Amino acid sequence: MNFGQLSWGKTNRLVQIFRPDKKGDHHTVMLAVDHPYFYGPTTGLEDPRKTIQPLVPYADAISPAKGTLEYCLDPLVATPVILRVTGGNSMTRRQELSDEEIITSVEEAVRLNAVGVSVSVYIDSDHQKQTIKNLGKLANKAAKYGLLVLGITAVGANLEKKVKGEGKGDPDFDPGKYFAHAGRIIQENGANIVKTYFCENFAQVREGIQVPIVVAGGKKVPEKQALKYTFDAIQAGVEGVDMGRNIFQAENPTAMIQAVSSVVHKGKTVDEAYELYEQLKKE
Ligand code: 5RP
């Protein structure tokens, strides 16, 4: 993994998230639970105290927004937190999804003992400039405290279909080209980690981004398919996943997070990981 020339604090926070395996390679399984900040009570996140708290010990990091963190997750569990700090939108107004601002301050993230903050950047949307500026402002503030910035290549309403299998979509949208373009802009404007989606022609995305990359899982698919997605992304050189629905909406979320982790950290194949999933489900 490329640690760049970051400060001691940022480097140390990175290794808290990206755990070394036996060969010394650094990878991560982040558990994404920030959906309610714009989805409301997402399936599986209605009461995170019951559904998410049991998964947290299996995650290398969690990425909630403030409400879920303070009211639903146990501060005695020492899993690093990457706090979602942007918002201002809602799924009920899909066309306005890109209209985000910084909602939670960096000081608040420090008080909550986050190791980093996350921000969505909507390239090629109506609010491209505004969301790049959100990233820039956050990066400047976060640097004062040595906090990491995770920049998300968020796709607005017009691009969603091909990437996430939801929404209206644009038939001419080329995901590889888009994520290579968006991810590099996000890196250059201050992100220490880029979150994107795994897609066809991913080599151009990896080649053009030097910070660690994590991939979101997208819409819920059958468990074996989600394990294949994880395997393919790791083979393509990403440092990990920041996966939500394909873990917490799985038939057995505790088994699923361990199966995903076996691919990310232990190099298990899809069949081996699926076998592990089935075995853990029975226990
Ligand atoms: C939205 C987000 C989501 O929380 C995250 O990408 C969702 O994860 P998943 O697709 O795996 O459920 O960051 O911008």
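All figures in this text were calculated on a predicted structure; none of them were measured in a lab. The chain is numbered in sequence order, starting from 1. Counting starts at 1 for both ligands and their atoms, following the listed order. Values below: every heavy atom of this structure, side chains too, minus hydrogens, waters and symmetry copies.
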J.: Output the list of atoms in ligand 1 that are nearer than 4.0 Å to some heavy atom of K195, sorted by atom number.
T.: 2 (C), 3 (C), 5 (C), 6 (O), 13 (O)
J.: In sequence, state the C-alpha distance, the side-chain angles, and the governing distance for K141 and E107, and then conclude on salt bridge (Lys or Arg N to Asp or Glu O under 4.0 Å).
T.: CA-CA 9 Å; K141 269 269 177 149; E107 288 77 9; 2.9 Å; yes
J.: For I213, which of F198, F202, F179 qualifies under side-chain contact (heavy atoms from CB on, under 4.5 Å)?
T.: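 Single side-chain contact (heavy atoms from CB on, under 4.5 Å) partner of I213 among F198, F202, F179: F202.
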J.: Just to check, does K220 reach to within less than 4.0 Å of ligand 1 when the distance is taken from its heavy atoms?
T.: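 No.
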J.: Determine whether Y197 and Y229 satisfy the following criterion, side-chain contact (heavy atoms from CB on, under 4.5 Å), listing intermediate values before the conclusion.
T.: CA-CA 10 Å; Y197 289 86; Y229 174 92; 4.2 Å; yes
J.: Would you check if there is a donor-acceptor pair between the side chains of D99 and Q130 at a distance under 3.5 Å?
T.: yes
J.: Could you list which atoms of ligand 1 come closer than 4.0 Å to a heavy atom of R245?
T.: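 Close to R245: 9 (P), 10 (O), 11 (O), 12 (O).
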J.: Suppose we screen for side-chain hydrogen bond (donor to acceptor under 3.5 Å, both in side chains). Which residues come up paired with R19, at least two apart in sequence or across chains?
T.: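 By the side-chain hydrogen bond (donor to acceptor under 3.5 Å, both in side chains) rule, R19 matches no residue at all.
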J.: Would you list the pairs meeting ring-ring contact (aromatic ring centres under 6.0 Å, His included) in which at least one residue belongs to residues 243-266, sequence neighbours left out?
T.: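 Output for this query lists H35-F248.
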J.: Which of the numbered atoms in ligand 1 are below 4.0 angstrom from a heavy atom of G217?
T.: 9 (P), 10 (O), 11 (O)
J.: Among M243, K219, Q249, R84, whose heavy atom sits nearest atom 1 (C) of ligand 1?
T.: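 Looking at heavy atoms only, R84 sits closest to atom 1 (C) of ligand 1.
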J.: Would you say the side-chain atoms of N12 and Q16 include a donor-acceptor pair closer than 3.5 Å?
T.: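 Note: N12 and Q16 side chains meet the donor-acceptor criterion.
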J.: Can you find a non-hydrogen atom of G218 under 4.0 Å from ligand 1?
T.: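 Yes.
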J.: Looking only at heavy atoms, is any part of N246 under 4.0 Å from ligand 1, and if so is it the side chain, the backbone, or both, or is it neither?
T.: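 Looking at N246 and ligand 1, no heavy atom falls under 4.0 Å.
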J.: Which ligand 1 atoms are under 4.0 Å away from a heavy-atom of I152?
T.: 13 (O)
J.: Atoms of ligand 1 less than 4.0 Å from G244 heavy atoms?
T.: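 Checking each atom against G244, I get 8 (O), 9 (P), 11 (O), 12 (O).
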